[in-house]
Amino acid sequence: QVQLVESGGGSVQDGGSLRLSCAASRSNIRYWSMSWFRQAPGKEREGVAALSAAGGLSYYADSVKGRFTISKDNDKNTVYLQMNSLKAEDTAMYYCAAGPPVLGSAWSAPRAYNYWGQGTQVTVSS
């Protein structure tokens, strides 16, 4: 079992940056694929970025490629999402999720993940 707690959300202006953190407990993230999802009001939850358990494979939604970077620190048992050049359309609740060690093309499917955090709100104003 993995317990996940997100932090780092907030309000920024268009073009700004934020770094989200997801602290894990009860299990080390080295055994899990770790991902970030987001959900805006009235929209479905969408995959933003994912990192395989070994850290060698990363995946990004087209809408965030070149702007967001997912990384992790196994010693700190924490996953990060560095978000640069933020846009108003990035406004959403951001969730951290843990899933099987290798996800492949299923990385962006919420049903592929076993554990979720409670979310952290990101608001980008233009």
Quiz item: Is Leu20 linked to Val12 within one hydrophobic cluster, defined over Ile, Leu, Val, Met, Phe, Trp and Tyr using a side-chain heavy-atom separation of less than 4.5 Å?
Solution: yes
Quiz prompt | Side chains of Ser58 and Leu51 in contact at under 4.5 Å (non-hydrogen atoms) | solution = yes
Quiz prompt | Residues, nucleotides or ligands: over 12 heavy atoms within 6.0 Å of Gln118 CD | solution = yes
Exercise. Work out which heavy atom in Gly8 is nearest to a heavy atom in Leu18; give both atom names and the distance.
Key: O-CD2, 3.8 Å
Quiz prompt | 4.5 Å side-chain heavy-atom contact, Tyr113 and Leu103 | solution = yes
Taking distance alone, no hydrogens or angles, what donor-acceptor pairs closer than 3.5 Å link side-chain atoms of residues 77-84 to residues at least two apart or in another chain?
from	atom 1	to	atom 2	distance (Å)
Asn77	OD1	Ile29	N	2.8
Asn77	ND2	Ala24	O	3.0
Asn77	ND2	Ser27	O	3.1
Thr78	OG1	Lys76	O	2.9
Gln82	NE2	Asn84	OD1	2.9
Asn84	OD1	Ser17	OG	3.0

Practice problem: Show which residues join Val102 in its hydrophobic cluster (side-chain heavy-atom contacts under 4.5 Å, direct or indirect), or state none. | Solution: none
Quiz item: Is any side-chain heavy atom of Glu6 closer than 4.5 Å to a side-chain heavy atom of Tyr94?
Solution: no
Quiz item: For Trp32, which residues count as a ring-ring contact (aromatic ring centres under 6.0 Å, His included) partner, sequence neighbours excluded?
Solution: Tyr115
Quiz item: Nearest heavy-atom pair of Pro100 and Ser33: which atoms, and what distance?
Solution: O-OG, 2.6 Å
Quiz prompt | 4.5 Å side-chain heavy-atom contact, Phe68 and Trp36 | solution = no
Exercise. Determine, using the 4.5 Å side-chain heavy-atom cutoff (strictly less than), whether Trp116 and Met93 are members of one ILVMFWY cluster.
Key: yes
Practice problem: Would you mind reporting whether Arg26 and Leu4 have side-chain heavy atoms less than 4.5 Å apart? | Solution: no
Practice problem: Indicate, with yes or no, if Ile70 and Tyr31 share a hydrophobic cluster defined by side-chain heavy-atom contacts under 4.5 Å among Ile, Leu, Val, Met, Phe, Trp and Tyr. | Solution: yes
Quiz item: Minimum heavy-atom separation for Met34 to Ala98, with atom names?
Solution: SD-CB, 3.6 Å
Self-check item: Check: Gly47 main-chain N/O paired with Ser108 side-chain donor or acceptor under 3.5 Å
Solution: no
Quiz prompt | Pairs satisfying salt bridge (charged side-chain N to carboxylate O under 4.0 Å, His left out), at least one member in residues 53-71, at least two apart | solution = Asp62-Lys65, Arg67-Asp90
Quiz item: Is it true that Phe37 and Leu86 fall in one hydrophobic cluster, defined by side-chain heavy atoms closer than 4.5 Å?
Solution: no
Exercise. Specify the closest pair of heavy atoms between Ala61 and Trp107, including all atoms of both residues, with the distance to one decimal.
Key: N-CH2, 3.6 Å
Quiz prompt | Lys43: partners by salt bridge (Lys or Arg N to Asp or Glu O under 4.0 Å), with sequence neighbours left out | solution = none
Quiz item: Do Val64 and Val122 sit in the same hydrophobic cluster, where Ile, Leu, Val, Met, Phe, Trp and Tyr count as joined when their side-chain heavy atoms come under 4.5 Å apart?
Solution: yes
Quiz prompt | Atom of Asn114, atom of Gly99 and distance for their closest heavy-atom approach | solution = OD1-CA, 3.5 Å
Quiz item: Pairs in or reaching into residues 45-58: which pass salt bridge (charged side-chain N to carboxylate O under 4.0 Å, His left out), with residues at least two apart or in two chains?
Solution: Arg38-Glu46
